[in-house]
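Inspection log for the structure reproduced underneath, given as structure tokens.
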Amino acid sequence: MKRPVKSVVVLTGAGISAESGIRTFRAADGLWEEHAIEDVATPEGFARNPQLVYRFYNERRRALQVPQVKPNPAHLALARFEQRWPGDFLLVTQNIDNLHERAGSRRVIHMHGELLKMRCINTNLVFSTREDFDFDTECRCCRNVGNLRPHVVWFGEIPFQMQEIYQALERCDLFVAIGTSGNVYPASGFYQVARQHHAYTAELNLERTGSRFDEHLIGKASAIVPAFLDRVLATALAGC
Ligand code: OAD
């Protein structure tokens with residue numbers, strides 16, 4: 001690494017949750033759980049067929065809450081790292097599941113939203129939900145039906161908390177991308193922003209993506225994430 005590491009930003013993608021039983025997006029068939037992304041993850045898809053989109057996210061929400069789906073050693077290692085790390089730490093996830101929180105992570109930005117939340121399109125108020133909802137569900141704020149949508153960022157929409165993310169990227173000494181294909185902007189450009197500000201960049205993934213990080217660690221997140229974070233912590237604590 002180029003300089004002592006004081007500030008760390010980690011970006012996670014679907015690959016970190018794969019071993020917890022949640023399927024990634026870009027399987028070989030290019031479909032997300034048998035659906036074309038433009039049908040279930042765009043504002044146009046929602047306008048065209050809202051019932052399909054409600055049903056899709058209701059199914060994902062239910063699947064997230066079955067007992068078999070739980071944080072894996074990679075989620076747990078990130079939570080442990082955050083607790084022990086003496087400097088600044090920010091975890092940015094593209095995932096809409098809640099496995100980081102369930103593992104114990106505290107400072108998490110869900111840049112693509114959260115499956116267990118819904119939003120009123122009139123007031124922009126956000127509500128927690130573990131239940132199904134659809135066009136006929138009465139909104140908790142305006143008491144109308146037809147106003148609730150998943151609190152998920154769709155293609156063509158701006159991800160959440162971008163200013164906070166870019167500030168952290170500009171100050172960090174180490175940027176780590178875990179389990180993300182680097183296909184979706186703006187997250188795909190984060191490593192370049194960090195690098196322009198002289199951070200060391202590392203990619204931890206099952207396979208090498210097209211992005212050029214300083215270091216590439218290939219393997220399953222459950223194996224390589226704990227080992228990598230232990231190394232970062234040990235190096236920092238030794239004052240190197
Ligand atoms: P992808 O499905 O595009 O990529 C998942 C990455 O994880 C791939 O590079 C896999 O090689 C890797 N992977 C799979 N299993 C792994 C494992 N066990 N350990 C380590 N790596 C593993 O998912 P994302 O990059 O997260 O956006 O996709 C980004 C965004 O595109 C999503 O947030 C979503 C999607 O469409 C929206 O919905 C707005």
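FYI, the numbering just counts along the sequence from 1. Both ligands and their constituent atoms are indexed starting at 1 by order of listing. This one's a predicted model, so the numbers in the text were calculated from it and none came from an experiment.
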Discussion item. Check for me whether the distance between the ring centres of Phe46 and Tyr54 falls short of 6.0 Å.
Written reply: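 Here the rings of Tyr54 and Phe46 have centres that are less than 6.0 Å from each other.
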
Worksheet item: Would His151 and Tyr57 count as a close aromatic pair, with their ring centres under 6.0 Å?
Response: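 For His151 and Tyr57, the ring centres are not under 6.0 Å apart.
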
Within a distance under 4.0 Å of any heavy atom of [X], pick out the atoms of ligand 1 and give their elements.
X: Glu19; answer: 17 (C), 18 (N), 19 (N)
X: Gly13; answer: 26 (O)
X: Lys220; answer: 19 (N)
X: Phe155; answer: 36 (O)
X: Val184; answer: 29 (C), 30 (C), 31 (O)
X: Ala18; answer: 15 (N)
X: Gly179; answer: 5 (C), 6 (C), 7 (O), 21 (N)
X: Glu207; answer: 11 (O)

Discussion item. For Asn183, state whether at least one heavy atom is located under 4.0 Å from any atom of ligand 1.
Written reply: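 Flag not set, Asn183 not near ligand 1.
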
Worksheet item: Gly219 near ligand 1, heavy-atom distance under 4.0 Å?
Response: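 Per 4.0 Å heavy-atom rule, Gly219 contacts ligand 1.
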
Worksheet item: Once the angle between the rings of Phe213 and Tyr191 is folded into 0 to 90°, is it parallel (under 30°), tilted (30 to 60°) or perpendicular (over 60°)?
Response: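 Answer is parallel, since the angle falls under 30°.
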
Discussion item. Check the orientation of Phe81 and Trp85. Use parallel for under 30°, tilted for 30 to 60°, and perpendicular for over 60°.
Written reply: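 Ring orientation, 0 to 90° scale: parallel.
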
Is there a polar contact between ligand 1 and [X], counting only N or O atoms under 3.5 Å apart?
X: Ala14; result: yes
X: Thr209; result: no
X: Ala221; result: yes
X: His112; result: yes
X: Leu206; result: yes

Worksheet item: Do Ser7 and Asp173 have a side chain donor and acceptor closer than 3.5 Å?
Response: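 Asp173 and Ser7 do not have a side-chain donor-acceptor pair below 3.5 Å.
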
Practice prompt. Using modelled atom types only, decide if a donor and an acceptor are shared between the side chain of Asn95 and the backbone of Asp97 within a distance under 3.5 Å.
Written response: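 Flag not set: sc Asn95 to bb Asp97 has no pair under 3.5 Å.
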
Report yes if the side chains of [X] and [Y] come closer than 4.5 Å at any heavy-atom pair, otherwise no.
X: Gln94; Y: Thr180; result: yes
X: Cys142; Y: Cys120; result: yes
X: Phe56; Y: Pro150; result: no
X: Ile16; Y: Leu78; result: yes

Worksheet entry | Selected option - heavy-atom contact closest to atom 4 (O) of ligand 1, from Ser20, Ser188, Ser181, Ser222 |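 That would be Ser181.
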
